[in-house]
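Taking it in order: structure first as structure tokens, then the write-up.
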Amino acid sequence: MTILYASERFLAHDTGDHPECAERLVDMPSHLEDAGILDRCHRKPWEQASLERVAQVHETDYLGQLFEYASAGGGQIESDTVMSSESFDVALLAAGAACDAVRSVLHGEHRRAVCLIRPPGHHALAAGAMGFCLLNNISVAARSAIEQFDLERVLIVDWDVHHGNGTQDIFWEDPQVGFYSIHRWPFYPGTGSASETGSGDGLGTTLNIPVEYGCSRTEYIDQFRLGLEQMARKMRPQLVLVSAGFDAHLQDPIGSLGLETEDFEELTASVLDVADEYAEGRIVSLLLYSPIDFMKSDSKEALLADVNAYCEELRPSEELCYLEHQHNDQILELAKKHNLLGIPLPVKYGGRGVDSLTYARALARIGQEGTGVRTFFSGHTSIGQYPIYRYGNEAQLDHYLPKSTAGEIVLAFGLTEPDAGSNPLEMTSTYRRDGDRYLLNGVKYLISNGGVADVVVAFAYPENAEGAKRRISAFIVETAGDTLEQEDLPSKMGMFTANTGMFEMTNHPVPVENMLGEEGNGFRIAMGTLVSGRLSVAAGCLGVIEDCLTEVLNYSKTREQHGKPIAKHQLVQDHIAHIEIGRAASEAMIEKAALAKDASDANREDQDLAAEADYLVAQAKYFASNAAWDAADRAVQIYGGRGWSELYRVGRHLQDVRVCRIYEGTDEIIKLKVAAKLLGKEYTAFH
């Protein structure tokens with residue numbers, strides 16, 4: 001049985017509107033109970049760590065400073081660390097839990113203990129607070145194990161997006177405590193390079209595994225295991241302590257390492273194996289930081305189950321409408337039913353609160369049903385909701401996003417014009433101020449959802465402006481009224497069930513408060529939105545490839561020619577192999593691009609992250625759209641004459657997917673973008 005240390009008292013560390021807040025522990029016990037874990041844990045009371053115990057790690061002057069801050073009501077003790085009047089007492093309680101857990105496992109009461117405590121500790125230095133941390137709980141526990149229980153060797157394992165610099169510093173020259181950390185690099189707090197291995201008597205007892213942004217889940221786990229085995233052999237620990245942070249999870253808004261829940265199970269299993277082999281199974285785990293609310297954000301599995309149910313229910317009407325070249329209104333109606341009209345948006349706006357990678361996986365499944373179906377979602381969410389959420393103010397978000405996720409309004413993105421495609425700077429749409437409103441004039445053309453949208457994010461130049469004043473602005477435009485005329489554009493090569501349209505604005509009034517972002521900032525908004533749009537196109541193309549692969553595998557095994565299934569013909573196998581290779585490569589590129597986009601969205605002022613996301617998403621869009629075209633072409637070839645028909649899915653995919661190499665950035669524009677990134681800005685082919 002495992003001892004569980006948890007208390008409502010930890011909620012008294014009131015940090016206000018801060019990432020490390022009490023809410024992250026509020027629902028934890030109920031989650032454990034619902035999962036049947038709480039019944040397998042032993043709960044026990046404990047006391048605060050004494051000042052003498054904590055002073056074995058922290059300087060007394062610093063402890064006095066914490067006491068004074070708390071006595072004065074709290075405040076900002078360090079650039080990103082805050083205290084309330086109760087924080088010092090709560091911190092002593094957290095350190096006390098860690099020490100009591102050590103005592104319990106060493107006395108043999110139980111072999112394992114888990115401490116759900118706050119504030120976290122691994123950034124806290126001997127003489128100062130840092131990174132949300134006041135006391136270095138795990139260091140206090142390790143020192144207690146050595147001083148109070150006469151252990152000779154303790155191993156601290158620290159997994160977190162951020163390096164545990166405080167813990168490393170405290171035991172930098174200590175040969176009795178091994179410190180092993182895996183973390184993102186380079187990242188806050190700037191320490192944790194592989195060259196940092198300790199000094200003096202402690203040389204070699206510190207091992208850092210810095211992983212770069214974009215590291216795959218498999219690579220992360222493999223590196224963790226190798227490093228852990230190395231440190232276990234080095235230290236041969238009598239006790240294992242774990243600083244467990246979960247901000248490497250794919251739902252974390254900042255960490256961007258993309259681990260999933262089962263990956264943390266792998267990390268835990270590896271550490272338990274080490275504890276069993278060297279430390280008689282004795283292990284104490286301390287919660288660090290996890291801003292993820294799994295109850296408020298959908299799990300990947302729950303969302304994808306809803307998406308799959310949607311696709312299965314949609315399929316009959318989609319096939320019928322496609323054959324009749326008619327718009328399928330069930331695309332929207334069933335999306336309402338299954339709550340899929342704001343998949344990546346926060347729950348408070350009616351969305352599902354998932355990360356870009358999970359959203360991409362959802363779009364891939366939707367893309368299996370047809371590029372037209374997926375294009376509706378791209379137009380509504382990826383380039384419709386996204387710019388409002390990313391660049392809008394609070395009033396705009398509150399007004400438009402809940403309506404859009406409920407399906408009360410359909411959104412679109414109005415950038416392209418009859419004479420402004422790959423170069424949006426050549427648009428001719430204009431606006432002028434007229435009291436408390438703007439009047440917009442111009443035509444937007446080939447707009448996904450453009451003929452049915454209730455709200456469009458549209459772009460225009462100021463009327464009669466020249467020189468530096470001639471800069472594009474963005475607007476949230478409601479389409480109702482006789483000054484905006486919408487028209488469907490049904491004469492297309494494919495995507496018959498989705499709406500493609502145009503609209504013309506003639507002195508169309510838009511309230512002043514509906515300008516999106518700052519005036520003159522429209523081009524940046526448009527380009528940032530296209531990153532979201534391109535990722536959605538790439539994801540949908542992955543779905544096309546997957547569906548083509550499924551279709552040809554089934555067909556080639558049942559279709560017989562020359563006395564055997566055509567799957568046994570080598571040239572058919574060549575086509576199938578090409579499709580699978582394109583699928584696997586597209587999936588890998590989309591995963592990397594999605595993680596980059598989330599990192600950029602979480603760090604909005606970081607231009608380097610924005611540029612990296614733009615670059616990786618562009619690559620993924622180019623590759624996946626070409627791979628999808630190739631997959632559909634090869635699938636039609638395998639089907640032969642039957643494939644050259646809208647009656648079969650592969651034929652419909654071939655018609656539909658060709659547009660993916662054009663919209664949201666043509667192949668040629670994407671290749672110029674990639675080349676310019678490699679050559680340098682001075683070689684940019686267009687401005």
Side-chain angles (χ1 to χ4, degrees), residues 342 345 349 379-381 383-420 424-488 499 501-530:
L345 291 181
Y349 299 119
H380 182 73
T381 294
I383 56 179
Q385 293 170 329
Y386 178 81
I388 297 174
Y389 174 65
R390 175 68 174 78
Y391 302 101
N393 58 43
E394 186 174 349
Q396 292 167 342
L397 270 62
D398 289 341
H399 183 71
Y400 289 105
L401 293 185
K403 292 181 180 179
S404 67
T405 57
E408 297 174 15
I409 56 175
V410 172
L411 301 184
F413 180 73
L415 181 65
T416 300
E417 297 186 358
D419 296 313
L425 295 176
E426 293 180 354
M427 73 174 60
T428 59
S429 294
T430 62
Y431 71 92
R432 69 176 184 274
R433 181 74 179 258
D434 181 40
D436 61 354
R437 63 183 185 173
Y438 296 103
L439 298 179
L440 271 64
N441 289 276
V443 176
K444 299 297 179 180
Y445 183 63
L446 292 174
I447 306 300
S448 299
N449 303 340
V452 297
D454 303 289
V455 175
V456 180
V457 176
F459 301 83
Y461 281 113
E463 191 173 283
N464 299 322
E466 296 180 357
K469 293 183 178 180
R470 192 171 186 270
R471 299 174 61 194
I472 296 171
S473 293
F475 302 88
I476 303 174
V477 178
E478 297 184 8
T479 61
D482 57 10
T483 55
L484 189 150
E485 184 178 354
Q486 292 172 284
E487 180 181 345
D488 295 340
N499 180 267
M502 61 180 290
F503 59 90
E504 182 173 4
M505 301 174 289
T506 306
N507 288 328
H508 186 62
V510 176
V512 168
E513 58 267 24
N514 275 29
M515 178 173 280
L516 184 61
E518 297 180 0
E519 188 168 13
N521 205 31
F523 185 74
R524 186 175 76 88
I525 292 173
M527 295 302 103
T529 300
L530 286 177

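These figures come from a predicted structure and were not determined experimentally.
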Requested in this report: Name all pairs fulfilling the ring-ring contact (aromatic ring centres under 6.0 Å, His included) condition that reach into residues 443-468, sequence neighbours left out, sorted by first residue then second.
Outcome: Phe413-Phe459

Report task. Look up atom CE in Met427 and atom OG1 in Thr416, then write down how far apart they are to the nearest 0.5 Å. Result -> 8.5 Å

Report task. With rounding to the nearest 0.5 Å, note down the distance linking CD in Glu417 to CD1 in Ile447. Result -> 8.5 Å

Requested in this report: Would you list the pairs meeting side-chain hydrogen bond (donor to acceptor under 3.5 Å, both in side chains) in which at least one residue belongs to residues 508-522, sequence neighbours left out?
Outcome: Tyr400-Asn514, Tyr431-Glu519, Thr483-His508, Asn521-Arg524

**Report entry** Nearest-0.5 Å distance, CE of residue Met502 to CD of residue Gln486
**Finding:** 11.0 Å

Report task. Kindly say whether Gly451 contributes a backbone atom to a donor-acceptor pair with the side chain of Asn499 at under 3.5 angstrom? Result -> yes

Report summary line: With Asn441 as partner, the option from Asn507, Thr428, Thr430 fulfilling side chain to side chain donor-acceptor pair (under 3.5 Å) is Asn507

Report summary line: Sorted by chain and residue number, the side-chain hydrogen bond (donor to acceptor under 3.5 Å, both in side chains) partners of Glu426 (sequence neighbours excluded) come out as Asn423

Query raised in the report: At their closest point, which heavy atom of Asp454 faces which heavy atom of Glu408, and how far apart are they?
Result: OD2-O, 4.1 Å

Query raised in the report: Who passes side-chain hydrogen bond (donor to acceptor under 3.5 Å, both in side chains) against Thr381, sequence neighbours left out?
Result: Gln385

Query raised in the report: Which atom pair, heavy atoms only, marks the closest approach of Gly384 to Val457?
Result: O-CG2, 3.9 Å

Query raised in the report: Out of curiosity, Ile388 CD1 to Leu401 CG, how far, rounded to the nearest 0.5 Å?
Result: 6.0 Å

Query raised in the report: Which atom names give the shortest non-hydrogen contact between Arg470 and Pro462, and what distance separates them?
Result: CA-CG, 4.3 Å

Requested in this report: May I ask you to check whether over 12 heavy atoms, not counting those of Tyr389, lie within 6.0 Å of atom OH?
Outcome: no

Report task. Please list, chain by chain and in numerical order, all residues satisfying side-chain hydrogen bond (donor to acceptor under 3.5 Å, both in side chains) with Arg433, sequence neighbours excluded. Result -> none

Requested in this report: Kindly compute the distance separating OG1 (Thr405) from CG (Leu345), expressed to the nearest 0.5 Å.
Outcome: 7.0 Å

Query raised in the report: How long is the span from the CG atom in Leu530 to the CE atom in Met527, to the nearest 0.5 Å?
Result: 4.5 Å

Report summary line: Closest heavy-atom pair, Val456 versus Thr479, reported as atoms and distance to 0.1 Å, is CG2-CG2, 3.8 Å

**Report entry** Verdict with supporting geometry, Leu397 and Glu394, side-chain contact (heavy atoms from CB on, under 4.5 Å)
**Finding:** CA-CA 5 Å; Leu397 270 62; Glu394 186 174 349; 5.7 Å; no

Query raised in the report: Between Leu411 and Ser404, what is the shortest heavy-atom contact and its length?
Result: CD1-CB, 3.9 Å

Query - Distance-minimising heavy-atom pair for Gln396 and Met515 - result: NE2-O, 2.9 Å

Query - side-chain hydrogen bond (donor to acceptor under 3.5 Å, both in side chains) involving Thr506 - partner list, sequence neighbours excluded - result: none

Query raised in the report: So do the side chains of Tyr438 and Val512 get within less than 4.5 Å of each other, counting heavy atoms only?
Result: yes

